[in-house]
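In what follows, every heavy atom counts, from backbone to side chain, and hydrogens, waters and symmetry copies are set aside. Since the model is a prediction, treat every value here as computed from it, not as a measurement.
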Amino acid sequence: MSDFLGVGWAFPVGLDARGRFALARQEVDIEQAIIMILLTPKGQRLMRPTFGCQIHDLIFAPNDAATAGLAVYYIEEALAMWEPRIDVLNVEIDTDPKTPERMLITIEYRIKATHDRRSLVFPFYRIPGE
C-alpha cells in the first residue's frame, strides 16, 4: 500500500550525500507535491499549461472575504485536479497579524491510502494596494 504514496524528486531539487538526485518518499513526497502545485501559476509550464493553482491571480487583490473565498476555491480545485493521493478536508485562510499582506492558508487533508490526517500551512504573499 505504501507504494501508492510514491517516490519522487525532492523539492527543491538537490543532491543527496552520494551525489545523486535527492528523493522524497511517501508522505514527504505528497507534502512537497502539494507545495509545488500551489507555487506554480497556471500557464507557467509550457507542456502542461493547466498544471498549477490559480491563486496567483489574487496577488494584487484586496485583503477581504471575497479574496479569501476565491483562494479557498482555487486551492481546492487545484489539489482535486493534480493530487489524487489525498482528500482535502478543509482549507482555512487567516491574515497574519504581523504582516497583513501575508495570508496563512491551512490545508487539512487525508492521505487516501493510509487514512492519515495531516495539515500544511502555506504562506501566500499579496502585494498590497496603495
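Within the structure, every pair that satisfies the ring pair (Phe, Tyr, Trp, His ring centres under 6.0 Å) test and touches residues 69-119, not counting sequence neighbours, is listed here: Phe51-Trp82. Note on residues 47-56: pairs passing side-chain hydrogen bond (donor to acceptor under 3.5 Å, both in side chains), not counting sequence neighbours, are Gln54-Asp57.
Partners of Arg110 according to the salt bridge (Lys or Arg N to Asp or Glu O under 4.0 Å) rule, which considers only residues two or more places apart in sequence or in another chain, are Asp87.
Here the shortest heavy-atom pairing between Met47 and Pro49 reads C-CD, 3.7 Å. Heavy atoms only, all atoms of each residue included: Ile55 and Phe124 are closest at O-CZ, 3.3 Å. Here the closest non-hydrogen pair linking Thr95 and Pro100 is CG2-O, 3.5 Å. Across all their heavy atoms, Ala68 and Ile93 have their closest contact at O-CG1, 3.8 Å. The nearest pair of heavy atoms linking Thr67 to Ala61 is OG1-CB, 3.5 Å. When every heavy atom of Arg126 is checked against every heavy atom of Asn63, the shortest pair comes out as NH2-N, 3.4 Å.
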task = Begin with the C-alpha distance, continue with both residues' side-chain angles, and end with the deciding distance and a verdict on side-chain contact (heavy atoms from CB on, under 4.5 Å) for Ile86 and Ile34.
result = CA-CA 10 Å; Ile86 66 168; Ile34 292 170; 3.8 Å; yes
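Note: the hydrophobic cluster containing Leu104 does not contain Phe122 (ILVMFWY, side chain heavy atoms under 4.5 Å, direct or indirect links). Note on Ile35: it clusters hydrophobically with Met81, by side-chain heavy-atom contacts below 4.5 Å among ILVMFWY residues.
For the side-chain contact (heavy atoms from CB on, under 4.5 Å) test with Ile30, the passing option among Ile111, Asp116, Leu120 is Ile111; the others fail.
For the pair Leu38 and Ile107, the minimum side-chain heavy-atom distance is below 4.5 Å.
Distance check, rounded to the nearest 0.5 Å: CD of Glu77 to CG of Leu79 gives 10.0 Å. Taking CG of Asn90 as the reference point, atom CD of Glu108 lies at 5.0 Å (rounded to 0.5 Å).
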